[in-house]
There are 2 protein chains.
Amino acid sequence: MDILKSTNRKNPISRETGIKPGTGDTGTLGKGMEVLEIISSAGRPMRFTDILDRSSQPRGTLHRQMTNLVSEGLLAANADHSYELGLKLLELASSAWSSNEFRKIAEPHIRALQAETGETVHLGILKGRQIIYLDKVEGQQSVRMHSQIGNASPLYCTGVGKAALSAFPIEDVRKRLGDTEFFRFTPNTIASLDALVDELADIRRSGIAWDREEHEPGIHCVAAPVYSQHRHIAAGISATAPAFRVSRGQLAEWAPLVKNTAQQIMKEMAARLSPRT
Amino acid sequence: MDILKSTNRKNPISRETGIKPGTGDTGTLGKGMEVLEIISSAGRPMRFTDILDRSSQPRGTLHRQMTNLVSEGLLAANADHSYELGLKLLELASSAWSSNEFRKIAEPHIRALQAETGETVHLGILKGRQIIYLDKVEGQQSVRMHSQIGNASPLYCTGVGKAALSAFPIEDVRKRLGDTEFFRFTPNTIASLDALVDELADIRRSGIAWDREEHEPGIHCVAAPVYSQHRHIAAGISATAPAFRVSRGQLAEWAPLVKNTAQQIMKEMAARLSPRT
DNA sequence: AATATAATTCCACATAATGGAATACAATTT
DNA sequence: AAATTGTATTCCATTATGTGGAATTATATT
């Protein structure tokens, strides 16, 4: 009997943290997702055996799984026997994006913020131990999306990430990021959980988070937290600029605008997203 | 015994057309996809019973399905008991997009075309009876994506759609669009399969497709087909402009550029995407 | 042509999904 | 506040559905 076998029945999502206890392999669906995840994290087309090697599933099972994924359009089988993620994902994501309630509420506000600052504004939402970029409004010179919608980035080195995290008490943050490896993207990247927790205290106090070239050299931003009643949604908005064009002092001048925008979004969320109590 | 029950075993994808015979409900995975599809096509959050009504699955089954989808992040359970598509879809789609081989090949070429024409350029790929927009390079005035990446549009009223279709012989087109309803988006929309087949003949001859304000009033475009060896990939590129700013005559002047770009993409595809024969 | 490597199919078997019905929960109404 | 309706969730005996090791077929390499 296989040790790696899934227990399936009972792997409930913790409604509190939104973090899954076991790594998501809920039954048959989880097996399919494992495949998508493997290919996604590889970031390139893979052949059957490449996937088999990284997978916990036996040959036959994996193969049928992949056949099913292909027939649903979630996976695409190329002519050269490689597999890549399917177009159906784009289609579903497009719908997910345009009908997302939170994003729709935030949209006019971040657009206004973009107009006020003249710089690129991001909306990122917390998911597990990552920030997912939900929207982006660019300034004039469209440099081409380096931070693309749907992109997942770490929490500890992004303005929106730290802002979103600041909505939670210290204990939750420690639980959430307990076994996270802190990768040093730049010399300024926060390198430990303790250092992060320290900075979160400042952010909680001031309502403003910074990214001081901690993720990408030459890029910095001001951010502010946006969250719902019971942190069901935790997110952040930021105004981002290249350091050579915008000084840290100038960035600081936008802080009140960013914070104010965040508060307006929260006000509207309270009115529109919460169940009547 | 339930009549609607899936046969599962054996519902192979037709490698020729890429069209699924039965409407995708391949076993357990298909049941999950049905849910996502229902919510996607509704375009707004739905409650459990709303989904139940539109679904072919019984209560208990549907509920467990949805629980699993939530725990995989494909579905999000809101505080007010409504469900919307999950952020995991954005994450996967982001990866699908940036690692897509065909898109990567096309990217520099459509960017060059954008620079030459100064107008918005689209890359759309054929999937079933729809065009999925794979990329978009905008001109200066960013009017905001109305046609977003991942968006699915009909084949019969878009430049890229008609271009892509022109890669197939008439019989295939008739088979593919046999039971499609032709919705009149504008007075110019092609209203029947026969009329479409007629126009495809012209496109096949000239290598150029038009959208003469057939999808959105005031918007027209020139397009050209892009396809691989055995039509494994069938797509189109287009240069789009508002009619008030760019006349049809001007559009015609870009036709050779568009066609040439398409041919360059195809040349590169032949070299990079095909299995050695 | 022969060998090696990878992809796909098969099928007896048991696990994992099913689904009808009962229960818990929430929102209105009286 | 209690009753009523509507909605969401859990239960569990049953079996259909997915499993997975091994055989087969296809593709690449020598």
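Keep in mind that this is a model prediction, so the values were computed, not measured.
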Would you please confirm or rule out a distance under 4.0 Å between OP1 or OP2 of C:dA16 and any side-chain N or O of A:Lys31? no
Between atom CG in A:Leu52 and atom P in C:dA7, what is the gap in whole Å? 9 Å
Using whole Å, report how far CG of A:Leu29 lies from P of D:dG18. 12 Å
I need the full list of ring pair (Phe, Tyr, Trp, His ring centres under 6.0 Å) pairs touching residues 29-72 of chain B, with sequence neighbours left out, sorted by first then second residue. B:Phe48-B:His63
Set of residues satisfying side chain to side chain contact (heavy atoms under 4.5 Å, CB included) with respect to A:His109, sequence neighbours excluded: A:Thr261, A:Gln264, A:Ile265, A:Glu268
Would the number of heavy atoms belonging to other residues, nucleotides or ligands and lying under 6.0 Å from NZ of A:Lys267 be above 12? no
Could you give the CG-to-P distance, from A:Asp80 to C:dT5, as a whole number of Å? 20 Å
When you check the phosphate oxygens OP1 and OP2 of D:dG18, does a side-chain N or O of A:Gln57 lie under 4.0 Å from one of them? no
If I take atom CG from residue A:Asn151 and atom NE2 from residue A:His122, how far apart are they, to the nearest 0.5 angstrom? 9.0 Å
Between B:Glu84 and A:Ser99, is there a side-chain donor-acceptor contact under 3.5 Å, judged purely by atom types and distance? no
Gap between atoms CZ and C1', on A:Arg64 and C:dT15 respectively (whole Å): 12 Å
Expressed in angstrom and rounded to an integer, what is the separation of A:Met66 atom CE from C:dA6 atom C1'? 12 Å
Between the axis at one end of the helix from C:dA1-D:dT30 to C:dT30-D:dA1 and the axis at the other (five pairs apiece), what's the angle to 10 degrees? 50°
Side chains of B:Ile110 and B:Lys136, heavy atoms from C-beta outward: is any pair under 4.5 Å? no
Whole angstrom value for the distance that separates C1' of C:dT8 from CG of A:Asn68: 14 Å
Quick one: does B:Ser153's side chain get under 4.5 Å of B:Gln130's, heavy atoms only? no
So the salt bridge (Lys or Arg N to Asp or Glu O under 4.0 Å) pairs with at least one residue in residues 50-68 of chain B (sequence neighbours excluded) are B:Arg47-B:Asp50
Between atom CD1 in B:Ile51 and atom C1' in D:dT9, what is the gap in whole Å? 14 Å
Please state whether the phosphate of D:dG18, meaning OP1 or OP2, lies under 4.0 angstrom from any side-chain nitrogen or oxygen of B:Thr28. yes
Would you tabulate the nitrogen or oxygen pairs shorter than 3.5 Å linking the protein to nucleotides 5-8 of chain D?
{"residue": "D:dA8", "atom": "OP1", "partner": "B:Phe48", "partner atom": "N", "Å": "3.2"}
{"residue": "D:dA8", "atom": "OP2", "partner": "B:Thr49", "partner atom": "N", "Å": "2.8"}
{"residue": "D:dA8", "atom": "OP2", "partner": "B:Thr49", "partner atom": "OG1", "Å": "2.8"}
{"residue": "D:dA8", "atom": "O3'", "partner": "B:His81", "partner atom": "ND1", "Å": "3.4"}

Distance check needed: C:dA17 P versus B:Leu62 CG, whole Å only. 15 Å
In chain order, what residues pass the salt bridge (charged side-chain N to carboxylate O under 4.0 Å, His left out) check against A:Arg204, with sequence neighbours excluded? none
